[in-house]
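See below for the structure under consideration.
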Amino acid sequence: MQEEKAVSEQKKSCVNCGAELKYKPGTTTITCEYCNHQETIVQDQNGFKELALKPYLTEMGSQSHSEEIMMLHCKNCGANQHIEENYKSLHCVYCTMPLIIEDAYKEDWILPGAILPFQFDQKKSHQIFSKWVKGLWFAPNNLKKAALDPQNTKGLYLPYWTFDAQLYADYTGKRGDYYYVNVPYKATVNGKTVTRTRQERRTRWTSTRGNISGFVDDTLIKASHQRKNHIPTKISNWNLKALQPFNSSFLAGFVTEKYTIPLKDGHLSSTKEAEHIAKLWAKRDIGGDTQRINSIQMRLTDETFKHILLPVYISAYQYSGKKYNFFINGQTGAISGKRPYSFWKIFFFILLILIVVALLFWLSEKK
Ligand SMILES: [Zn+2]
Ligand SMILES: [Zn+2]
């Protein structure tokens with residue numbers, strides 16, 4: 001317990017100048033921005049903390065891997081965020097609403113078991129944003145100005161649950177094998193009625209039962225509601241093979257969101273995923289050309305879970321009263337976002353097309 005607390009509360013300062021050391025993306029070091037002093041992040045030799053699920057589901061809070069974290073709640077959009085760095089001005093990473101440091105409160109959380117550290121820095125993310133925004137068709141000019149303010153781009157660690165389990169299932173069902181029959185039919189050729197045959201597909205069904213088993217690895221379930229702050233699926237593909245054992249040094253200089261979907265609900269979603277997987281496995285086991293499952297009884301044993309953190313860069317800004325977000329995957333650089341259109345740019349573009357069409361028409365009429 002003591003050891004766990006020490007991990008997340010230690011904030012490292014530079015031995016030369018006393019400034020706060022921040023995680024340098026793409027490396028395993030924390031660095032001083034002012035004098036370039038570097039320290040290697042000492043990795044946990046025990047590797048990932050896969051935790052047994054049962055004790056957590058029955059009794060949260062008294063576990064040795066839970067601890068307290070300082071949180072700031074955004075009154076505007078509801079996001080819960082932990083800000084490791086002393087920003088001059090604190091703003092919600094999603095909606096840019098100012099946050100007040102005096103409003104910070106302590107909350108229990110399950111310590112992350114693994115983290116996917118950022119692979120490139122804020123400057124690079126800003127270059128990706130700039131390139132993308134400049135390439136947008138019909139975007140208002142003010143949008144380009146607003147979106148390109150580097151102040152609006154922040155690195156955020158998103159919370160996810162992953163679940164592992166041994167899956168067993170007994171099933172009953174039907175196996176369908178295709179066969180073909182020749183079916184006669186009447187046709188009219190040159191005014192005469194003739195009999196022809198065509199092939200039709202039929203299915204022979206045989207009843208079957210059996211059981212399947214296997215290991216379900218790393219079922220990924222999002223742990224934050226994101227009702228308003230939806231992370232696009234286009235950027236939600238992380239390579240989980242690059243996960244590192246958790247160390248709070250990776251958070252230095254970034255914002256971390258606390259899970260708002262409790263472990264219990266995350267587990268329900270992962271059980272649904274497992275049921276889906278069990279059906280796929282049962283169908284594969286049945287074989288044939290097509291399958292029906294009449295009943296399936298699934299059980300999961302040796303269930304473990306991890307709380308993990310995954311990196312995204314978010315650019316948030318207000319544009320004529322509406323809120324917009326752009327997202328970049330902090331590992332792969334994939335980008336996506338909602339964007340406004342300029343009415344006038346589209347209006348004049350359509351006008352231009354109409355003029356060109358009219359001109360062409362007039363030229364062809366003149367001949
Ligand atoms: Zn320094
Ligand atoms: Zn907010």
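Indexing begins at 1, ligand by ligand and atom by atom, following the structure's order.
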| Exceeds 12 heavy-atom contacts within 6.0 angstrom, atom CD of Gln166 | yes

| In the hydrophobic clustering that connects Ile, Leu, Val, Met, Phe, Trp and Tyr at side-chain heavy-atom distances below 4.5 Å, which members other than Phe361 occupy its cluster, ordered by chain and number? | none

| task | Please name all residues satisfying side chain to side chain contact (heavy atoms under 4.5 Å, CB included) with Asn211, sequence neighbours left out, ordered by chain then number. | result | Asp170

| message | What do you get for the angle at the Zn ion (ligand 2) between SG on Cys77 and SG on Cys92, to the nearest 10 degrees? | response | 110°

| Residues two or more places apart in sequence or in another chain: which of them pass side chain to side chain contact (heavy atoms under 4.5 Å, CB included) with Arg284? | Trp281

| field | Asp164 with Lys306: basic N within carboxylate O range, under 4.0 Å | value | no

| Please walk me through it: do Thr290 and Tyr178 pass side chain to side chain contact (heavy atoms under 4.5 Å, CB included)? | CA-CA 8 Å; Thr290 180; Tyr178 295 147; 3.8 Å; yes

| task | Could you give me a count of protein N/O/S atoms that are under 2.8 Å from the Zn ion (ligand 1)? | result | 4

